[in-house]
Number of protein chains: 2
Amino acid sequence: MVVDEEAADRLFHALADTTRRDILRRSIEGEPSVSRLAELYPMSFAAVQKHVAVLERAGLVTKTRHGREQRVRTDPDGVRRARQALDHLEALWRGRVDRMVDLLAEPAGTSGPDEPKETDR
Amino acid sequence: MVVDEEAADRLFHALADTTRRDILRRSIEGEPSVSRLAELYPMSFAAVQKHVAVLERAGLVTKTRHGREQRVRTDPDGVRRARQALDHLEALWRGRVDRMVDLLAEPAGTSGPDEPKETDR
DNA sequence: CTAACGTACAACCAAATGGTTGTAGATGAA
DNA sequence: TTCATCTACAACCATTTGGTTGTACGTTAG
């Protein structure tokens with residue numbers, strides 16, 4: 001499996017917050033310190049610190065000491081892992097569509113009937 | 001903007017749960033009724049019903065009445081919207097890398113210095 | 001008609017989330 | 001050294017989440 005389920009939980013949970021997504025964007029463009037980030041949002045430093053921690057546990061950002069500050073940088077692999085999970089879902093979808101196309105393309109009566117009335121679902 | 005922030009919150013939140021992602025997968029492959037789904041997980045019917053509701057509010061699945069049951073089907077557009085949000089993040093990342101490459105490619109001393117020591121961050 | 005099934009929804013509860021304040025440890029500047 | 005800055009983390013609180021049970025309603029099968 002590409003990412004195990006718990007990791008996927010952490011990943012998507014980390015992404016499921018406007019502030020955290022914004023932190024992620026700003027940490028892509030620059031490499032802000034935690035206190036620089038904290039200035040941007042209408043909440044305490046500690047709150048922003050927690051958001052960064054969530055992103056870090058999800059593997060979306062890393063922190064590196066730089067003097068007395070801690071700079072936040074996004075980990076492109078983290079974003080890529082999230083995309084892979086969605087890619088997998090889309091692949092499933094495409095697979096299903098392909099199978100439906102196959103059924104339609106099949107000469108009538110080759111195998112079992114497509115919908116034997118209301119089978120058992 | 002591709003998806004507004006609140007919609008993105010709902011989207012990623014809906015994806016941030018193993019059971020919900022599994023429901024999504026099964027609703028891609030088949031088109032199970034809510035009670036069929038409920039049989040699959042170690043929780044009550046009502047709990048599964050709530051999970052489906054979360055997916056529905058996120059625009060990831062739709063329900064359609066079919067006799068007395070309600071079949072769940074995933075909405076491929078929903079998954080695509082989630083991917084677009086991540087695509088955007090990756091584009092930002094690529095943009096940053098490109099800009100760094102530009103700086104490196106720039107003949108020395110053309111514009112301002114890259115890092116004037118430890119400016120003000 | 002009656003019974004069984006599938007669903008919807010309210011009320012409730014424990015645990016997690018997102019925020020706060022306060023305290024304390026490192027580090028850099030004066 | 002001393003002071004201001006940046007960070008870490010604990011303790012606390014309100015709200016949301018994810019689960020439960022119970023009740024009610026529409027639909028299909030006998």
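Every chain is numbered from 1, with letters handed out A, B, ... down the list of sequences.
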side-chain N/O [X] vs [N] OP1/OP2, d < 4.0 Å:
X	N	result
Ser33(B)	dG6(C)	no
Ser44(A)	dT20(C)	yes
His13(B)	dT17(C)	no
Arg65(A)	dA26(C)	no
His51(A)	dT17(C)	no
Gln49(A)	dC9(D)	no

Whole Å only: how far is the [atom1] atom of [X] from the [atom2] atom of [N]?
X	N	atom1	atom2	answer
Arg57(B)	dT17(D)	CZ	C1'	11 Å
Met43(B)	dT20(D)	CE	P	7 Å
Glu69(A)	dA8(D)	CD	P	12 Å
Phe45(A)	dC9(D)	CZ	P	11 Å
Arg71(B)	dT7(C)	CZ	P	10 Å
Leu37(B)	dG6(C)	CG	P	13 Å
Arg68(A)	dT5(D)	CZ	C1'	4 Å
Asp9(A)	dA16(C)	CG	P	13 Å

**Q.** Nearest heavy-atom neighbours spanning Leu37(A) and Ser27(A)
**A.** CD1-OG, 4.4 Å
Q | Least distance between heavy atoms, Leu11(B) atom then Ala82(B) atom | A |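 The answer is CD1-N, 3.8 Å.
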(Q) Given Val54(A), which partner from the list Arg57(A), Glu56(A), Lys50(A) fulfils the side chain to side chain contact (heavy atoms under 4.5 Å, CB included) test? (A)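 One option only clears the test, and that one is Arg57(A).
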Heavy atoms from C-beta onward define the side chain here; which of [options] lies closest to that of [X]?
X	options	value
Asp17(B)	dA8(C), dT20(D), dG18(D)	dG18(D)
Val34(A)	dT20(D), dT7(D), dG18(D)	dT7(D)
Ala46(A)	dG18(C), dT21(C), dT7(D)	dT21(C)
Lys63(A)	dG18(D), dA8(D), dT21(C)	dA8(D)

Q) In terms of the nearest nucleotide of DNA chain C, which residue is placed more toward the 5' end: Gly67(A) or Thr19(A)? A)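 Going by which nucleotide is closer to the 5' end, it is Thr19(A).
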Q. Counting distance only, does the side-chain N/O of Asp17(A) pair as donor-acceptor with the main-chain N or O of Asp9(B) below 3.5 Å?
A. no
Q: May I ask you to say what Ser35(B) touches in the nucleic acid, namely base, sugar-phosphate or nothing, with a heavy-atom cut-off under 4.0 Å?
A: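 Here Ser35(B) touches the backbone only, sparing every base.
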Q. Any salt bridge between Glu39(A) and Arg26(A), counting N to O under 4.0 Å?
A.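 Salt bridge: no.
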